[in-house]
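Note sheet for the following structure.
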Amino acid sequence: MTTYTILIILSGLVIFSYLFDLVASKTKIPSVLLLLLLGIGLRFLVEYLNIHTFNFLSILPTLGTVGLILIVFEGSLELKYDQNKNKIIKSAFFSALTILLGTATLITVIIYQISHKDLYTCIANAIPFSVISSAIAIPSAAALSGKDKEFVVYESSFSDILGIIIFNFAITNHSITTSAFIGLGLSTFLIILLSAIACVVLLYIMGRLVHHIKFFLIISILILVYAIGQSYHLSSLVLILSTGLFLNNADAIQNLWFRSIFLYKNLSADLSQLYQLSAESAFILRTFFFVIFGFTMNVQELNDLPIIGNGLFILASIYVIRIFFLKIFKKDSIAPILYIAPRGLISILLYFNLPASLKIPQVGTSFLFLVVLGSSLVMTLGIAFSKRKVEETTA
């Protein structure tokens, strides 16, 4: 394949992704769903033309990790904090935690019935299916009302963070002991401390940089710290979320010493540019990630009736648990938030990070693909149904 052919393909994918975003804004069909279908279509085309390709699975985790960082950072840069939002943040956190634990428990039972593996292996495999994907949820919430949108951003981000914490805890501790929980507490304290330091240091650097290239440097530092933290099994997504929130709300801090040292004249303009760069970079990475994931899928495996049946059981369990806990933690209407529980980028990343010894043949990538696809379809139909219901009520 020539250099120019590769450039045509890459630029064509970006153009298609942009068109899919326009379609998504009009039809509420998630662009991710269209990207997955594009990847599947390209797989059929490549096989038909008998074109040789390399192993795209080798780059998928890296693309997904950087995409996840940028998507969460972009979402957090949109959030303005005030005391009136404490209720939303608290309910989003407890909703994310209880739904994650409840869903993981029910899916563990389902995987045990499928595979009859030991309980530890089933739990480790259930966690990736239990985490809401902020990479899909945050863009899909763009059309919601202010409070609902903020709830989705917080809940999906908390779900990602808590999912990574529990996943890291599960794969590094084969048994639940006092020392395991002490280690969890220590790692949580370390990442909170690291987040606080990173927030202040990055804001200071932003104010002192005079070079015309500064925002890619900030993002590169964030990715570097995230990677170092993850290599020591720290849940570094906390750092990404807190940095975005801190930068966007630093001007609300009234301490005179802080304001004189860290705040500067062009902070608002710089944050606007940083947000724009994060959003466009996340768009590119999300495009290639989901197209490649769709491309790597063997659709023939979806002809297997047990896979379809078990996938539907998993999907049903996701929404049964969700409707139960949302009624507790969200006092007002739970639609359309009920339907915004997609599985996607974070689920795929956690699944690929499962040690080979813990992977279950009956719960393979085609099974994961079915749940990702199914949850996106439920979200699409749910949002469309909720919107139509609101229009009928107000008519």
### Task
Check for a donor-acceptor pair, side chain of N255 on one end and backbone N or O of F258 on the other, with a separation under 3.5 Å.
yes

### Task
Answer yes or no: is there a donor N or O on one side and an acceptor on the other, between the side chain of R286 and the main chain of G64, under 3.5 Å?
no

### Query
What's the verdict on side chain to side chain contact (heavy atoms under 4.5 Å, CB included) for F262 and L267, showing C-alpha distance, side-chain angles and the deciding distance?
CA-CA 10 Å; F262 294 100; L267 176 59; over 6 Å; no

#### Entry: Criterion side chain to side chain contact (heavy atoms under 4.5 Å, CB included) on E150 and L79, from CA distance to verdict
CA-CA 8 Å; E150 287 185 337; L79 297 173; 4.1 Å; yes

#### Entry: Salt bridge present between R259 and D251 (N-O < 4.0 angstrom)
no

### Query
Do any N or O atoms from the side chain of S156 and from the backbone of S134 form a donor-acceptor pair under 3.5 angstrom?
no

### Task
Can you see which heavy atom on I191 is nearest to which on S195, and at what distance?
O-OG, 2.6 Å

### Task
Indicate the atoms forming the closest heavy-atom contact of F246 with L203, along with that distance.
CE2-CD2, 3.7 Å

### Query
For A180 and N173, which heavy atoms make the closest approach, and how far apart are they?
CB-OD1, 3.4 Å

### Task
Report yes or no: do V238 and F189 belong to one cluster of Ile/Leu/Val/Met/Phe/Trp/Tyr joined by side chain heavy-atom distances under 4.5 Å?
yes

### Query
Rounded to the nearest 0.5 Å, how far does CG of L22 lie from OG of S31?
10.0 Å

### Query
Same cluster or not: are I99 and V109 linked, directly or through other Ile, Leu, Val, Met, Phe, Trp or Tyr residues, by side-chain heavy atoms under 4.5 angstrom apart?
no

### Query
Hey, is NZ on K90 packed in by over 12 heavy atoms from elsewhere, all under 6.0 Å?
no

### Query
Can you tell me how far the CG atom of L245 sits from the OG atom of S157, to the nearest 0.5 Å?
8.5 Å

### Message
Would you say that more than 12 heavy atoms from the other residues, nucleotides or ligands in this model lie under 6.0 Å from the NZ of K85, or not?
### Response
yes

### Query
Are the aromatic rings of Y154 and F93 close, with centres under 6.0 Å apart?
no

### Task
May I ask you to check whether F169 and F181 place their ring centres under 6.0 Å from each other?
yes

#### Entry: Single-linkage hydrophobic cluster, 4.5 Å side-chain cutoff, L209 and V225 together
yes

### Query
Got L42 and L13 here, is their nearest side-chain heavy-atom distance under 4.5 Å?
yes

### Task
Hey, could you give me the CZ/CZ distance between F151 and F158, rounded to the nearest 0.5 Å?
10.5 Å

### Summary
Heavy-atom nearest pair, I164 first then Y226, reads CD1-OH, 4.3 Å

### Task
Look at atom OH of Y81 and say whether more than 12 heavy atoms of other residues, nucleotides or ligands are closer to it than 6.0 Å.
yes

### Query
Taking everything shown except F215 itself, do over 12 heavy atoms lie less than 6.0 Å from its CZ?
yes

### Task
Give a yes or no on whether Y112 atom OH has more than 12 heavy-atom contacts from other residues, nucleotides or ligands under 6.0 Å away.
no

### Task
Given side chain to side chain contact (heavy atoms under 4.5 Å, CB included), test F56 with F293 step by step and report yes or no.
CA-CA 8 Å; F56 285 107; F293 183 63; over 6 Å; no

### Task
Any chance you could measure K80, atom NZ, to N248, atom CG, to the nearest 0.5 Å?
4.5 Å

### Query
Can you check side-chain hydrogen bond (donor to acceptor under 3.5 Å, both in side chains) on S175 and T177, steps first, answer last?
CA-CA 6 Å; S175 58; T177 60; 5.1 Å; no

### Query
Between E280 (side chain) and S278 (backbone), is there a donor-acceptor pair under 3.5 Å?
no

### Task
Kindly say whether A269 contributes a backbone atom to a donor-acceptor pair with the side chain of N266 at under 3.5 angstrom?
no

### Query
Are the side chain of N310 and the backbone N or O of P306 linked by a donor-acceptor pair below 3.5 Å?
yes

### Query
For Y264, does the OH atom have more than 12 heavy-atom neighbours from other residues, nucleotides or ligands under 6.0 Å away?
yes

### Donor-acceptor contact present, side-chain T287 to main-chain F283, <3.5 Å
yes

### Steps toward side-chain hydrogen bond (donor to acceptor under 3.5 Å, both in side chains) verdict (N55, S58)
CA-CA 6 Å; N55 182 18; S58 60; 4.8 Å; no

### Message
Donor-acceptor check, side chain of Q230 to backbone of S236, threshold 3.5 angstrom: yes or no?
### Response
yes

### Task
Treating Ile, Leu, Val, Met, Phe, Trp and Tyr as nodes and any side-chain heavy-atom pair under 4.5 angstrom as an edge, say whether I59 and L38 lie in one connected cluster.
yes

Hey, can you pull the donor-acceptor pairs under 3.5 Å for the side chains in residues 352-374, sequence neighbours left out?
from	atom 1	to	atom 2	distance (Å)
N353	ND2	L349	O	3.0
S366	OG	E301	OE1	2.9

### Query
Salt bridge or not for R322 and E155, using N-O below 4.0 Å?
yes

#### Entry: Least distance between heavy atoms, S317 atom then I107 atom
OG-CG1, 3.6 Å

### Query
Looking at side-chain heavy atoms only, is the closest gap between F167 and I171 below 4.5 Å?
yes

### Message
Could you report the tightest heavy-atom contact between A104 and T108, atom names first, then the distance?
### Response
O-OG1, 2.6 Å

### Message
So does C199 get a backbone contact from the side chain of Y204, meaning a donor-acceptor N/O pair under 3.5 Å?
### Response
no

### Message
Nearest 0.5 Å, please: how far is OG in S130 from CD1 in I346?
### Response
12.0 Å

### Summary
When rounded to the nearest 0.5 Å, the distance separating CD1 of I127 from SG of C122 is 11.5 Å

### Message
Between S159 (side chain only) and I132 (backbone N and O only), is there a donor and an acceptor less than 3.5 Å apart?
### Response
yes

